[in-house]
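Below you'll find the structure, written out as structure tokens, and then a few comments.
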Amino acid sequence: MPCLVWMAGLMLSALSVSGSEEAAGDRQLDEAWQDLATLKVSDAHAAFEKAHRTNGSQESAYGLALSLLNLQPKTNRNIERAQELLEGLAADGETDAFIINARYFLARIDQVHRTHVDPEAAIEAYRRLLEDFPDQSLAGKAVPKLASVLLIQ
């Protein structure tokens with residue numbers, strides 16, 4: 001069941017940014033998103049890596065970051081690289097969708113992906129996301145995550 005919840009969240013995140021104008025020009029990434037959604041993470045990673053080297057689009061950076069977070073075996077270098085990509089999107093995102101999703105996954109890195117998780121940083125990141133984008137349904141993804149971290153704390 002947790003795998004299905006994870007896949008649904010991943011597909012929702014991918015779909016929420018795939019409607020952007022930039023994404024419309026990058027339809028070759030559709031297969032990579034499909035691979036990521038069906039847990040073919042290595043294939044998705046290779047496709048996003050190639051696309052990012054080729055065009056450096058925000059969609060390819062976002063997909064590459066998500067694939068790095070899910071690539072096995074999990075390494076600190078992959079987590080750090082995903083964080084760098086997401087920080088770039090959070091700072092320079094052309095749409096709220098990229099900014100919100102990048103900031104959401106930065107909080108997830110603090111919550112679950114690091115070797116030594118930082119729940120306080122995750123709480124702060126989720127709260128800032130909700131404060132900065134109170135009317136955006138995409139930011140609502142942070143509500144259950146924030147609640148779970150607070151409950152555990």
Side-chain angles (χ1 to χ4, degrees), residues 1-119 121-122 125-126 129-130 133 136-149:
M1 183 68 154
C3 182
L4 292 175
V5 172
W6 174 84
M7 278 187 3
L10 181 62
M11 291 188 335
L12 179 62
S13 295
L15 292 173
S16 66
V17 296
S18 67
S20 69
E21 287 179 26
E22 185 171 291
D26 292 336
R27 288 299 156 215
Q28 72 271 16
L29 295 176
D30 286 348
E31 188 173 318
W33 285 117
Q34 184 64 35
D35 285 344
L36 196 56
T38 57
L39 303 179
K40 297 177 188 170
V41 178
S42 294
D43 293 343
H45 176 260
F48 285 123
E49 184 76 66
K50 180 180 177 185
H52 190 63
R53 278 194 312 266
T54 303
N55 66 24
S57 71
Q58 290 192 343
E59 182 182 8
S60 65
Y62 180 64
L64 180 55
L66 293 186
S67 69
L68 287 164
L69 291 176
N70 293 288
L71 196 60
Q72 297 296 322
K74 191 170 279 207
T75 66
N76 288 333
R77 178 61 195 129
N78 285 350
I79 302 303
E80 290 166 5
R81 186 164 179 225
Q83 181 176 354
E84 292 167 6
L85 290 162
L86 292 168
E87 285 172 346
L89 289 171
D92 299 322
E94 294 175 2
T95 67
D96 282 353
F98 278 115
I99 294 167
I100 292 168
N101 279 293
R103 288 178 56 186
Y104 171 82
F105 279 103
L106 285 167
R108 294 289 294 155
I109 288 172
D110 287 327
Q111 183 184 4
V112 298
H113 290 287
R114 295 191 183 288
T115 303
H116 301 288
V117 296
D118 188 347
Y126 287 133
L129 179 59
L130 291 165
F133 298 97
Q136 293 283 339
S137 61
L138 285 174
K141 297 184 303 185
V143 173
K145 301 302 181 187
L146 174 59
S148 69
V149 178

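How far CG of L69 is from CZ of F105: 7.5 Å, rounded to the nearest 0.5 Å. To the nearest 0.5 angstrom, K40 atom NZ is 7.5 Å from Q34 atom CD. Considering CD1 of I109 and CG of L86, their distance stands at 5.0 Å, rounded to 0.5 Å. Taking NE2 from H52 and OG from S67, the interatomic distance works out to 10.5 Å, rounded to the nearest 0.5 Å. From F48, atom CZ reaches atom OG of S60 across 8.5 Å, with rounding to the nearest 0.5 Å. In this structure, the separation between OG on S42 and CG on L36 is 10.5 Å, given to the nearest 0.5 Å.
Judged purely by atom type and a 3.5 angstrom limit, Q58 uses its side chain to pair as donor or acceptor with the backbone of E94. Of the possible polar contacts, none joining the Q136 side chain to the L129 backbone as a donor-acceptor pair under 3.5 Å is found.
When all heavy atoms of A102 and A90 are compared, the closest pair comes out as CB-N, 3.7 Å. The minimum heavy-atom distance linking A65 with A82 is given by the pair O-CB, 3.6 Å. A139 approaches L130 most closely through the heavy-atom pair O-CD2, 3.3 Å.
A salt bridge is defined here as a Lys NZ or Arg NE, NH1 or NH2 lying under 4.0 Å from an Asp or Glu carboxylate O, and R114 with D110 meets this definition. Salt bridge E84/R77: present, at least one basic N to carboxylate O contact under 4.0 Å. Ion pairing between E49 and R81 holds under the 4.0 Å rule for side-chain N and carboxylate O.
Side chains of Q111 and V117 form no contact here, defined as non-hydrogen atoms less than 4.5 Å apart. Looking at heavy atoms from C-beta onward, I99 lies in side-chain contact with F133 at the 4.5 angstrom threshold.
By the 30° and 60° cut-offs, the orientation of the rings of Y62 relative to W33 is tilted.
Taking the centre and axis of the six-membered ring of Y126, the NZ or CZ atom of K145 falls outside the cone set by 45° and 6.0 Å.
By the side-chain hydrogen bond (donor to acceptor under 3.5 Å, both in side chains) test, T75 is found to be paired with N78, residues two or more places apart in sequence or in another chain being considered.
Just one residue in the list V41, L85, I79 forms a side-chain contact (heavy atoms from CB on, under 4.5 Å) with L68, and that residue is L85.
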